[in-house]
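Just so you know, these numbers come straight off a predicted model, no measurement behind them.
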Amino acid sequence: MGFTMGLNLVLVLAMVATNILSLYHLSSRVQSPKPPSDQQPVPDHLLHQLNTIRATISHLTRHQPPSTTPSPTTTKPSVPQDLLLYSHLSPIASSCHNHPDLLHKYMSYSPYSLCPLDSDLLAESLILHGCHPLPRRRCFSKTPPKPPSSLPRNPFPSSFLDSNVIWNKYPTCRSFSCLAKQNPSLGFDLNNEISKFMTYKTELDLPIPQLLQVAKSADSVIRLGIDIGGATGTFAARMKQYNVTVVTTTMNFNVPNNEVVAMRGLVPLHVPLQHRLPVFDGVVDLVRCGHAVNRWMPLTMMEFLFYDVDRVLRGGGYLWFDHFFSKRVDLDKVFGPLIGKLGYKKVKWAVGNKTDSGGLKNGEVYLTALLQKPV
């Protein structure tokens, strides 16, 4: 262990020395008040490197052993030791440092004991502020007492679901039956969910049997899929009945989406939309973008998401925008051209008016599009 610590110290010192030399070199070029007329401006990538070096030195400085002399003016709260330990073992997302109050609460716990109750509420706040992946912790999470052994074709009885409740801070509701009653459209009433993705009512619908028939007609196959923003996992549940494995990315926005996905015998990925999909390149046959992907996303984030979807899709795979909504003018001038940059084949492209109060007020439309990645 001593050799390892010594080696780590040598590596850190070497990195600091190299960064300081680079910092001096770059600073002399950047801060020169009157550069010669024939000198080229500093390229953007070097400016980015300069900022990275400064951030690295600042990061290392913050984690030096504290001074033994107490401050005569103010006393700051001590940083949890597990956070300091983790910061030396693995990188922490830079945005985590921008929210020290939330990070301190998340990492304040008794090691080797039960994790704080409802810690996922803190986790949600950190993730939504860009702090992802979260630091690891050495505590034991509370789990449901009766996890399902398989996915039944019929919905779970509410008594079974309620016996698996492990939260105590979701607003007013401490049972799935309560969630289903208060949020009838959010996927907690499994009796209503059983018919979703199976019927055709308008041009905006794409039932699973029709989707699979499209793939079969193109001599393609759908085996693996990702459902982005899949809420309680209904799409993955229906696809499992056709022997298709779908993982669901979902967040717990004051409702236990991840818990419901897991109780249905499915895989929830607790990642935000701005996170790189934790899947290898070119291995997925289908990616579905549900209501989480819509006009409220920052355009730059949406573009990065689309190209990360392209990264994981194999040639001949399908990208499905399911009821993507935006203003009609934005669909024509912004989102349509952005989707078109992918160069995918349009298998289905249907646009219809969004007829709820918000849609009528803002002139919004729905887009349902099935696109095939070229081989």
Side-chain angles (χ1 to χ4, degrees), residues 196-198 200-231 234-236 238-239 242 244-249 269 273-274 276-277 279-354 364-375:
K196 286 188 176 181
F197 303 105
M198 301 303 294
Y200 181 92
K201 296 179 180 178
T202 72
E203 283 293 322
L204 295 171
D205 296 322
L206 180 59
I208 289 175
Q210 182 182 359
L211 170 66
L212 298 178
Q213 183 60 44
V214 167
K216 183 178 179 181
S217 299
D219 292 326
S220 186
V221 62
I222 297 179
R223 308 154 302 150
L224 301 173
I226 301 175
D227 188 14
I228 297 177
T234 297
F235 177 67
R238 299 285 75 79
M239 291 295 281
Y242 293 89
V244 178
T245 300
V246 175
V247 295
T248 304
T249 76
L269 297 180
L273 295 174
Q274 66 266 32
R276 184 180 188 270
L277 294 170
V279 178
F280 194 67
D281 300 358
V283 296
V284 175
D285 306 305
L286 170 70
V287 175
R288 173 185 173 267
C289 295
H291 281 192
V293 182
N294 59 65
R295 75 181 184 94
W296 296 113
M297 287 184 64
L299 192 62
T300 302
M301 183 192 301
M302 186 180 294
E303 185 174 27
F304 275 108
L305 172 63
F306 290 173
Y307 280 95
D308 199 42
V309 167
D310 178 80
R311 177 185 64 82
V312 302
L313 267 179
R314 64 167 178 83
Y318 293 94
L319 170 58
W320 177 13
F321 291 99
D322 189 2
H323 286 73
F324 175 98
F325 69 86
S326 69
K327 294 183 178 180
R328 181 178 290 275
V329 63
D330 291 336
L331 180 62
D332 295 336
K333 296 184 177 181
V334 180
F335 301 114
L338 179 61
I339 295 172
K341 287 182 180 180
L342 295 172
Y344 286 10
K345 175 185 176 182
K346 290 184 179 179
V347 180
K348 179 183 178 72
W349 187 277
V351 178
N353 291 327
K354 191 170 182 285
E364 293 176 334
V365 294
Y366 280 125
L367 165 67
T368 291
L370 183 66
L371 311 174
Q372 187 175 27
K373 180 176 178 177
V375 177

> Can you list the steps and then say if Arg223 with Val244 is a side-chain contact (heavy atoms from CB on, under 4.5 Å)?
Replying inline: CA-CA 5 Å; Arg223 308 154 302 150; Val244 178; 5.8 Å; no
>> Quick check for you: to the nearest 0.5 Å, what is the distance between Lys196 atom NZ and Arg238 atom CZ?
In response: 11.0 Å
> In Å and rounded to the nearest 0.5 Å, what is the CG to CD1 distance from Leu331 to Ile339?
Replying inline: 7.0 Å
>> Using modelled atom types and a 3.5 Å cut-off, is there a donor and acceptor pairing between side-chain atoms of Asp285 and backbone atoms of Leu224?
In response: yes
> How long is the span from the CZ atom in Arg288 to the OG1 atom in Thr249, to the nearest 0.5 Å?
Replying inline: 10.0 Å
> Does Phe306 have its ring centroid less than 6.0 Å away from the ring centroid of Phe321?
Replying inline: yes
>> Given 3.5 Å as the limit, does a donor-acceptor pair link the side chain of Lys348 with the main chain of Glu203, or not?
In response: yes
>> Contact between Thr368 and His323 at the side-chain level, heavy atoms closer than 4.5 Å - yes or no?
In response: yes
> Can you tell me how far CG of Asn294 sits from CG of Leu367, rounded to the nearest 0.5 angstrom?
Replying inline: 12.0 Å
>> Would you compute the distance between atom CG of Asp227 and atom CE of Met239 and round it to the nearest 0.5 angstrom?
In response: 9.5 Å
>> Would you call the rings of Tyr366 and His291 parallel, tilted or perpendicular, taking 30° and 60° as the class edges?
In response: parallel
> Counting N and O atoms only, with roles assigned by atom type, does the side chain of Arg311 sit under 3.5 Å from a partner on the main chain of Leu277, one being a donor and the other an acceptor?
Replying inline: yes
> Are the side chain of Asp205 and the backbone of Thr202 linked by a donor-acceptor contact shorter than 3.5 Å?
Replying inline: yes
>> If you compare all heavy atoms of Thr248 against all heavy atoms of Ala236, which two are closest, and at what distance to 0.1 Å?
In response: OG1-CB, 3.6 Å
> Has Tyr307 got more than 12 heavy atoms of other residues, nucleotides or ligands less than 6.0 Å from its OH?
Replying inline: yes
>> I'd like to know if the side chain of Ser220 reaches the main chain of Ala215, judged simply by a donor and an acceptor atom lying under 3.5 Å from each other, with no hydrogens or angles considered.
In response: no
> Between Lys327, Arg328, Arg295, which is the residue that forms a salt bridge (Lys or Arg N to Asp or Glu O under 4.0 Å) with Glu364?
Replying inline: Arg295
>> Determine whether a donor-acceptor pair (N or O, by modelled atom type, separation under 3.5 Å) exists between the side chain of Lys373 and the backbone of Asp310.
In response: yes
>> If the test is side chain to side chain contact (heavy atoms under 4.5 Å, CB included), which one of Leu371, Val246, Leu319 qualifies with Val287?
In response: Leu319
> Can you tell me how far CD of Glu303 sits from CG of Leu299, rounded to the nearest 0.5 angstrom?
Replying inline: 6.5 Å
> Side-chain contact, heavy-atom cut-off 4.5 Å: Leu313 with Tyr318?
Replying inline: no
